[in-house]
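Have a look at the structure below, then the notes.
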Amino acid sequence: MKPLRIGNFSGFYGDRSAALREMLTGGEVDVLTGDYLAELTMLILARDRLKDPSAGYARTFPRQLEDCLGLARERGVRIVTNAGGLDPAGLAGEIRRLADRLGIPVRVAHVEGDDLTAAHPGTLAAHAYLGGFGITECLRAGADVVVTGRVTDAALVTGPAAAHFGWRPDDHDALAGAVVAGHVLECGTQATGGNYAFFTEGDVRRPGFPLAEIHADGSSVITKHPGTGGFVDVGTVTAQLLYETGGARYAGPDVTARLDTVRLGLEGPDRVRIEGVRGEAPPPTLKVGLNRLGGFRNEVVFVLTGLGIEAKAALVREQLADALAKSPPREVRWELVRTDRADADTEETASALLRLVVRDPDQRVVGRALSGAAVELALASYPGFHVLAPPGKGAPYGVFEEVYVPYVGATHVAVLHDGRRIPVPPPQETRPLAAVPDPPLPEPLPPGPTRRAPLGLVVGARSGDKGGNANVGVWARSEDAWRWLAHTLTADAFRRLIPESRDLPVTRHLLPNLRAVNFVVEGILGAGVAAQARFDPQAKALGEWLRSRHLDIPEALL
């Protein structure tokens, strides 16, 4: 059977607007998927909906579609997207009105049942991560466009694949293969050289978006349209496979994919084959993402220039102590970032940044009283006093939490283009999640001379967020480098290299087929990205920080 070509045209809300047209005109494709829903996006949409009840979906998608709907219809390309956000029915209705206005006969269906906000009082949005079989029902009934709310990112691929190949819910291996392909595609150009550790090895100024050629057994080839920018190789695919994952079991509502069974191989230029993926029954509960208002935060960044940086920082902290003591915020965080250099030839490189962040449930506590106290220092503090921007009145911040509920807690429904409602049953077979025992370590490298050097000279890394946790996937590009990496970069070594993690639980997972270790650092992001608990709130650069750290590396690898 001919493979199903599934492409991606969006990896987040705000991605390249021209990508939909680029994917439609750049080469052969059967289905195009657009992913818009990060954890933070759900909070953004929930806050938008407070101001306007009709604002619960990604407004950019209909604008993209207006330019391309006729082209997609002409070429027989189906479009599947989670741009429905909090209101998939509302977006489906807008697309129908758009199609009527343009005179294009298009069948639009949507998936609902993920919204559990009413069952979780006190949340702005509570949504279950549904699987792909609602999408499957819509496509089997002839939909040209399928809109969902919160589904797993990989469901945008498993749904079309199951519809095309006739997979059943117990076809675990095939579904697991599609999950892995979907995970590679979901972040768009991160699979084609974007945000890649070894980005200098190709032209990544404008990477093309990825596509997967999926076969009936669930195996796939990751590639991109001919002539587009970026590149696809084993490294770019490995990096995306490790992104925002944990151990060997990658669980979802359709299937649990075993990442320790994934085998990658370079099939040709810009073509990486994924095969061997094994699947298991999904876990007995459904993940639900809860977004709620955490309180209010305010921030001011003082610029400290030239000599006496530490003394200047101490002066500011002492001067603001009284203001903070009058009505103490629940959380006060000072951070001195030493970006300054001695004898600098620009003012910027002679300057350090002192960052003050305060949080409290009461906006008044973090608002104008603090702002006024900071501004009043303008003529009465350290020499060269200035701030990056004046502090405001305090802005709300969100908190993300995940809980797990029985499948019966969510009513998964496919709403077909003709209005029929098809219930999607929960999986008949489930399997509780359990950690996979670590496989044996490879043989260590023989002893030899070493040199102090950055870790990133021999390994790549990619990091990301899941709620308050971060993951850092690290992979080697040769067998010898893997033998060294597996023995050297332990959880304790990670803590030494990343001091911020020293008092946090750090778990290491071995993935020998990928020549990779994956670290999960619990709690490093506080209450999630919306809480902005650290300088890099989504841990996007945590892997690059790790790669920049120096340790003793065998000279044979350098």
Side-chain angles (χ1 to χ4, degrees), residues 293-399 468 470 498-504 523-542 544-545 548-549:
L293 184 65
F296 297 85
R297 73 186 295 279
N298 207 349
E299 176 177 344
V300 59
V301 180
F302 302 89
V303 182
L304 316 174
T305 304
L307 305 177
I309 296 295
E310 299 284 348
K312 290 171 180 174
L315 175 59
V316 174
R317 295 185 62 161
E318 188 174 353
Q319 288 179 309
L320 283 178
D322 287 344
L324 294 173
K326 288 176 183 176
S327 184
R330 176 177 292 180
E331 180 183 348
V332 178
R333 181 168 179 170
W334 290 95
E335 186 176 14
L336 177 59
V337 183
R338 295 301 300 265
T339 53
D340 56 302
R341 297 203 305 260
D343 194 23
D345 56 4
T346 67
E347 185 175 330
E348 288 86 352
T349 55
S351 300
L353 302 177
L354 177 64
R355 183 171 178 244
L356 168 62
V357 177
V358 293
R359 292 185 178 83
D360 197 86
D362 188 341
Q363 186 176 17
R364 292 169 297 180
V365 171
V366 302
R368 297 201 180 279
L370 176 68
S371 301
V375 171
E376 288 169 6
L377 296 180
L379 304 179
S381 189
Y382 59 87
F385 179 99
H386 64 287
V387 297
L388 290 184
K393 61 182 180 180
Y397 70 90
V399 170
I498 305 295
E500 192 179 354
S501 70
R502 284 179 181 168
D503 298 324
L504 299 173
I524 193 171
L525 303 180
V529 54
Q532 299 182 54
R534 67 190 296 273
F535 170 68
D536 173 18
Q538 290 181 281
K540 298 294 188 183
L542 189 57
E544 286 301 291
W545 178 22
S548 74
R549 298 306 310 270

* Check against side chain to side chain contact (heavy atoms under 4.5 Å, CB included), D340 and L304 -> CA-CA 9 Å; D340 56 302; L304 316 174; over 6 Å; no

* Answer yes or no: is there a side-chain heavy-atom contact under 4.5 Å between L336 and R338? => yes

* To do: Examine R359 relative to Y397 and say whether NZ or CZ is less than 6.0 Å from the centre of the six-membered ring and inside a 45° cone about the ring axis.
  => yes

* **Heavy-atom side-chain contact between V357 and R297 under 4.5 Å** => yes

* To do: Using a cut-off of 6.0 Å, state whether more than 12 heavy atoms not belonging to L307 lie near its atom CG.
  => no

* Asked: Which residues pass the side chain to side chain donor-acceptor pair (under 3.5 Å) test with D536, sequence neighbours left out?
  -> none

* Do N298 and S371 have side-chain N/O donor and acceptor atoms under 3.5 Å apart? -> yes

* Asked: Are V358 and E331 close enough that some pair of their side-chain heavy atoms sits under 4.5 Å apart?
  -> no

* Between F302 and R317, is any pair of side-chain heavy atoms under 4.5 Å apart? -> no

* **Donor-acceptor under 3.5 Å (T346 side chain, T349 main chain)** => yes

* Can you check whether I498 reaches L542 side chain to side chain, under 4.5 Å on heavy atoms? -> yes

With a 3.5 Å cut-off and sequence neighbours excluded, list the donor-acceptor pairs that the side chains of residues 372-383 form with protein atoms.
from: S381; atom 1: OG; to: Q319; atom 2: OE1; distance (Å): 2.6
from: Y382; atom 1: OH; to: V303; atom 2: O; distance (Å): 2.7
from: Y382; atom 1: OH; to: H386; atom 2: O; distance (Å): 3.4

* To do: Mind checking ring-ring contact (aromatic ring centres under 6.0 Å, His included) for F296 and listing every partner two or more places apart, or none if nothing turns up?
  => none

* To do: Carefully, step by step, assess K312 and E310 under the rule salt bridge (Lys or Arg N to Asp or Glu O under 4.0 Å).
  => CA-CA 5 Å; K312 290 171 180 174; E310 299 284 348; over 6 Å; no

